[in-house]
A.B. asks: 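Handing you this structure, nothing more for now.
Excluded from the calculations below are hydrogen atoms, water molecules and symmetry mates; all remaining heavy atoms, backbone and side chain alike, are included. All values reported here derive from a predicted model rather than from experimental measurement.
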2 protein chains.
Amino acid sequence: MSAEENILKLVDAEEPDGEGYRLQDQVGFILRRAHQRHVSIFAAHIADLTPPQFAALAKLHDVGETSQNQLGQLIAMDAATVKGVIDRLKARGFVELTRHEVDKRRLLVSLTPEGREAVERLIPLAQKITDETLSPLSPKEVATFMKLLAKMA
Amino acid sequence: MSAEENILKLVDAEEPDGEGYRLQDQVGFILRRAHQRHVSIFAAHIADLTPPQFAALAKLHDVGETSQNQLGQLIAMDAATVKGVIDRLKARGFVELTRHEVDKRRLLVSLTPEGREAVERLIPLAQKITDETLSPLSPKEVATFMKLLAKMA
DNA sequence: CAAAATTCATTCGTACGCAAATGATATCAA
DNA sequence: TTGATATCATTTGCGTACGAATGAATTTTG
């Protein structure tokens, strides 16, 4: 029985008892492994920065100065998580923090020259990371997969 | 320009500068968001257990007593991570730990009756979680997606 | 057999990820 | 204008996740 047939069986069959539930076939489980694999590939190419840290830098490079919260929304991190990421990038000298002049609640985040240099240097590596992550798939499969993954996320 | 065309553009084009790198289109980023979404759906259905904790219980239900390390391999967790998960399950009375009689390094993990009852009760909910996670996709798309995801993970 | 290498588990340190609570500021509405 | 709401950021607490170091027990090998 192929993996695909098992998946179809899972979708079709409605077994009330525990038999027929296979952890290995559940989206959540495979999604977690796929994510682990990607993080590992990332680390192999970019050792001194984590994917979330790179995401923050890349997004700042895109949009320029933004508030911490706004940045969090753009890269799908809640306020508490963003703070930690930004703190570490600041400690490395990659970002600068300033208070918003008008709205004193906002904390503006921007790239330092070092931060900008780092992102621009790393973007080609990030491309490689994407390619390597998708390397088990043919180009046609990549297109299909990305479309469906985006639809699901 | 459709999302799919952008993806193809990213795969095909080779731009040396930073223009053309779009964080939102990278597998890693979308994979992270898809995973976040799944965890959130999981929590909505099973509030008192995390996906890794449920994975451990479900796998123990499958294979019966195993060593902690072995279990970790089966559910894709390294030794340090498994330990934490098992400690919490033990504190809740869902698993029992015993030393292996012959090989005294091994720590055998097994379900308690409460643990077994919990998994069997939760498996139908886990099915629902899988279904809801995949709900943005048609049945045909689900089959395609699962095949490609498994290929990639 | 004895030394070297391996395996199993534990611990430590670092980094997400998120819920919930808190405090400061800003906006809205009566 | 003031009182209720909402927003931004911070902190705390818990739970993964993993590299690296450690120690105990087992296996391999010279």
A.B. asks: Using a heavy-atom cut-off of 4.0 Å across all strands, would you classify A/Ser40 as base, sugar-phosphate, or nothing?
C.D. replies: nothing
A.B. asks: Under 4.0 Å between a Lys/Arg side-chain N and an Asp/Glu carboxylate O for A/Asp131 and A/Lys128?
C.D. replies: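 Judged by the 4.0 Å cut-off on N to carboxylate O distance, A/Asp131 and A/Lys128 do not form a salt bridge.
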A.B. asks: Pick base, sugar-phosphate or nothing for A/Val39, based on heavy-atom distances below 4.0 Å to the nucleic acid.
C.D. replies: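 No contact at all - A/Val39 keeps every heavy atom at 4.0 Å or more from the nucleic acid.
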A.B. asks: Could you state the interatomic distance from NZ (B/Lys151) to OG (A/Ser138), rounded to the nearest 0.5 Å?
C.D. replies: 6.0 Å
A.B. asks: So what does A/Val82 touch, heavy atoms closer than 4.0 Å: a base, only the sugar-phosphate, or nothing?
C.D. replies: nothing
A.B. asks: When you check the phosphate oxygens OP1 and OP2 of D/dA25, does a side-chain N or O of B/Arg99 lie under 4.0 Å from one of them?
C.D. replies: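 Indeed not, no polar side-chain atom of B/Arg99 lies that close.
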A.B. asks: Quick check: on DNA chain C, is the nucleotide nearest A/Val85 upstream (toward 5') of the one nearest B/Arg106, or the reverse? Name the residue that is more 5'.
C.D. replies: B/Arg106
A.B. asks: Within this structure, what is the CG-to-P distance between A/Leu31 and D/dA17, rounded to whole angstrom?
C.D. replies: 12 Å
A.B. asks: Between D/dT16 atom P and B/Asp87 atom CG, what is the distance in whole Å?
C.D. replies: 11 Å
A.B. asks: Identify, between B/Arg88 and B/Glu101, the residue whose nearest nucleotide on DNA chain D lies closer to the 5' end.
C.D. replies: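 It is B/Arg88 whose nearest nucleotide is closer to the 5' end.
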A.B. asks: What nucleic acid atoms does A/Val102 come within less than 4.0 Å of, heavy atoms only: base, sugar-phosphate, or nothing?
C.D. replies: sugar-phosphate
A.B. asks: When the distance from CD1 of A/Ile86 to P of C/dG17 is rounded to whole Å, what number comes out?
C.D. replies: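 The answer, rounded to whole Å, is 13 Å.
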A.B. asks: Counting only side-chain heavy atoms from C-beta out, which of C/dT11, C/dA19, D/dG15 sits nearest to B/Thr50?
C.D. replies: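 In terms of side-chain proximity for B/Thr50, the closest of C/dT11, C/dA19, D/dG15 is D/dG15.
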A.B. asks: Scan B/Thr81 against the nucleic acid and name what it touches under 4.0 Å (heavy atoms): base, sugar-phosphate only, or nothing.
C.D. replies: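 Here B/Thr81 touches the bases of the nucleic acid.
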A.B. asks: Can you tell if the side chain of A/Val95 reaches within under 4.5 Å of the side chain of A/Leu57, non-hydrogen atoms only?
C.D. replies: yes
A.B. asks: Between A/Asn69 and B/Asp78, which residue's closest nucleotide on DNA chain D lies nearer the 5′ terminus?
C.D. replies: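 Result: A/Asn69.
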A.B. asks: So among A/Val39, A/Ile41, A/Leu122, which one has a side chain to side chain contact (heavy atoms under 4.5 Å, CB included) with A/Ile129?
C.D. replies: A/Ile41
A.B. asks: Rounded to whole angstrom units, what separation is found between the NE2 atom of A/His100 and the P atom of C/dT27?
C.D. replies: 10 Å
